[in-house]
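Following: one structure in structure tokens, then a few remarks.
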Amino acid sequence: MSAGLSRRGLLAGAAGAVAGAGLAGTAYASAAPGPYAKSPGVPPGTPPVLVTEQASKRLLVLDPRRRVWDPAADPAVVRWQFSPLGDPRYRDLRPEVSWVYPCEAKVRVHRKRALVLTTASFGFVAAVEYPTGRRYWGAALGPGDDLFNPHSAELLPDGNVAVACSTGALVRVYAASLGPDATRYAEDRLKGAHGLHWDRGRRVLWAIGDDELVAYAVGGTSARPTLARSLAVPLPVAVPGRTAGGHDLFPVAGRPGRLWVTTNASVFQYDKRHGTFVRDYAGSESIGRASVKAVGNDPRTGQVLSTVPEKGLEETWWTTKVDVHRPAAAYTLVNGGIYKARWWLPR
């Protein structure tokens, strides 16, 4: 989704339809991987795929052995799913109006617990315990509107949660370590804030906006965090005078000195040591294209996945496909409306 795209009031009343579709409060793990054989050409050890599925307003972890995912015909392709609709643990966040266009999902580990960080454009943001769906922390920023548009979230080592709000043009660090409904936060302005990543080695919070990649020093205490810029680097611009349109920000697995960075024009890797954006990575000729919403690599198999919008769907930013590179392939979600996809690699 574009940060400047107004969806104010667009789906008023639509959440009720989903809540009645049998998804309310669902967070489960599949007990078995399914009775079928894998599709040809899927490398052994390929991890599951985590997607933000906006058509049905769910997060899905999908079986990597099947190139076509059809949950209606083969429910076992869904290894896990989450929706806060109808779930009393999230009632105060008003998911019927805030859980619209889920746009981020990433898995992190905190004190031996897997947490899925998720956001939705109309205000919902949470850290969800896997596989129970229990709420580690959550908030609603302007529910029912895209005034803030939380677009990404990240878990910090002390248990606090950072949130990037694209329309709101800000980065926040919430004192989530205080409890599931903690509201205290530190804040900084960042135009078009779209992506976040905690850098364990450098102990900084990276954030990407419309025009720059920023590193933040997170200070203070867990109960009273502070946020201060320590570095800002202009993003590559395809056309002079135009906005770069920074979008996804994700670690390059297996190369701690690099970050995946997507812009309106292409996909780069940021070399932290030299402070440069490069396209010297394997597979750049197919990966490095315009409007990539999510990108990430699996260090074990070498595969890279990415998502780009597909024409002819209900929303211009949706796709039914998750592209795979090295080797070239694709997953298809029948009747899907995918925004982002990630390899299921808890870290």
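As the structure is a prediction and not an experimental result, all values here were calculated from the model. What you see below is based on every heavy atom in this structure, not just the backbone, and it leaves out hydrogens, waters and symmetry mates.
Proximity of Leu156 to Val173: side-chain heavy atoms (C-beta onward) are separated by under 4.5 Å at one or more points. Here the side chains of Thr263 and His247 are not in contact, with every heavy-atom distance at 4.5 Å or above.
With sequence neighbours left out, His325 forms a side chain to side chain contact (heavy atoms under 4.5 Å, CB included) with Ser286, Ile287, Arg289, Val304, Ser306, Asp323. Not counting sequence neighbours, the partners of Thr332 by the side-chain hydrogen bond (donor to acceptor under 3.5 Å, both in side chains) test are Lys321. When the ring-ring contact (aromatic ring centres under 6.0 Å, His included) test is applied to Tyr174, the partners found at least two apart in sequence or on another chain are Trp137, Tyr185. Take Trp206 and apply the side-chain hydrogen bond (donor to acceptor under 3.5 Å, both in side chains) test, not counting sequence neighbours, and it matches Asp199. Every residue was checked against the side-chain hydrogen bond (donor to acceptor under 3.5 Å, both in side chains) condition with Lys106, not counting sequence neighbours, and none meets it. Contacts of Glu187 classified as salt bridge (Lys or Arg N to Asp or Glu O under 4.0 Å), with partners at least two apart in sequence or in another chain: Arg172. Annotation: ring-ring contact (aromatic ring centres under 6.0 Å, His included) contacts of Trp344 (sequence neighbours excluded): Tyr130. With sequence neighbours left out, the side-chain hydrogen bond (donor to acceptor under 3.5 Å, both in side chains) criterion links Asp92 to Arg135. Residues forming a ring-ring contact (aromatic ring centres under 6.0 Å, His included) with Phe250 (at least two apart in sequence, or on another chain): none.
Ring planes of Tyr331 and Trp343: perpendicular class, angle over 60° (limits at 30 and 60°).
Between Phe124 and Phe148, the ring center distance fails the sub-6.0 Å criterion. Annotation: Tyr281 is in aromatic contact with Trp260 [ring centroid separation under 6.0 Å]. Note: His151 and Tyr339 meet the aromatic proximity criterion, with ring centroids under 6.0 Å apart.
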Q: Take Asp158 and Ser177 through the test side chain to side chain donor-acceptor pair (under 3.5 Å) and record every step on the way to the result.
A: CA-CA 7 Å; Asp158 61 2; Ser177 57; 5.3 Å; no

Q. So Glu154 and Arg108, salt bridge (Lys or Arg N to Asp or Glu O under 4.0 Å) or not? Walk me through it.
A. CA-CA 8 Å; Glu154 181 62 292; Arg108 298 290 184 257; 2.9 Å; yes

Q: Give the C-alpha distance, both sets of side-chain angles, the deciding distance and a yes or no for salt bridge (Lys or Arg N to Asp or Glu O under 4.0 Å) between Arg89 and Asp87.
A: CA-CA 5 Å; Arg89 298 171 293 189; Asp87 190 328; 2.8 Å; yes

(Q) If you apply the rule salt bridge (Lys or Arg N to Asp or Glu O under 4.0 Å), what do you find for Arg273 with Asp271, and how did you get there? (A) CA-CA 6 Å; Arg273 180 181 178 185; Asp271 184 322; over 6 Å; no

Q.
Test salt bridge (Lys or Arg N to Asp or Glu O under 4.0 Å) on Arg229 and Glu212; report intermediate values, then the result.
A. CA-CA 12 Å; Arg229 288 190 177 207; Glu212 56 188 345; 3.2 Å; yes

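Looking at Trp69, its side chain does come within 3.5 Å of a backbone N or O of Asp63 through a donor-acceptor pair. When atom types are taken as modelled, the side chain of Ser284 and the backbone of Asp280 share no donor-acceptor pair closer than 3.5 angstrom.
Of all heavy-atom pairs between Ala215 and Val204, the closest is CB-CG2, 4.2 Å. The two atoms that bring Arg67 and Pro40 nearest to each other are NE-O, 4.5 Å, heavy atoms only. Listed here is the closest heavy atom pair of Gln54 and Pro102: NE2-O, 2.9 Å. The minimum heavy-atom distance between Leu259 and Pro251, with the atom names listed, is CD2-CA, 4.2 Å. Across all non-hydrogen atoms, the minimal contact from Tyr216 to Arg189 is OH-O, 3.9 Å. Here the closest heavy-atom approach between residue Leu196 and residue Ser152 is recorded as N-OG, 3.6 Å.
Counting non-hydrogen atoms of neighbouring residues, nucleotides and ligands closer than 6.0 angstrom, the CZ atom of Arg224 reaches no more than 12 such neighbours.
By the rule that hydrophobic residues join a cluster once side-chain heavy atoms approach within less than 4.5 Å of another member, Val49 and Leu345 end up as members of one cluster. A single hydrophobic cluster is seen to contain both Leu60 and Val324, as judged by linkage of ILVMFWY side chains at heavy-atom distances under 4.5 Å, directly or through other members. Criterion: ILVMFWY side-chain heavy atoms under 4.5 Å apart, direct or through other members. Under it, Phe268 and Val295 are not part of a common hydrophobic cluster. One hydrophobic cluster, built from ILVMFWY side chains closer than 4.5 Å, holds both Val77 and Val42.
For the residue pair Gln303 and Arg326, no side-chain donor N or O sits within less than 3.5 Å of a side-chain acceptor on the partner. Counted by atom type alone, Thr52 and Glu104 present zero donor-acceptor pairs between their side chains at under 3.5 Å. Side-chain contact, Thr262 with Asp248: no donor N or O sits under 3.5 Å from an acceptor N or O. Checking Asp146 against Ser121 by side-chain atom types alone, no donor-acceptor pair falls below 3.5 Å.
Contacts classified as ring-ring contact (aromatic ring centres under 6.0 Å, His included) and involving residues 290-315 (residues at least two apart or in different chains) are not found.
Cluster note: Val68 groups with Val334 through ILVMFWY side-chain heavy atoms spaced under 4.5 Å, whether in direct contact or through intervening members.
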Pair up each side-chain donor or acceptor in residues 235-244 with any protein partner under 3.5 Å, not counting sequence neighbours, and list the distances.
none

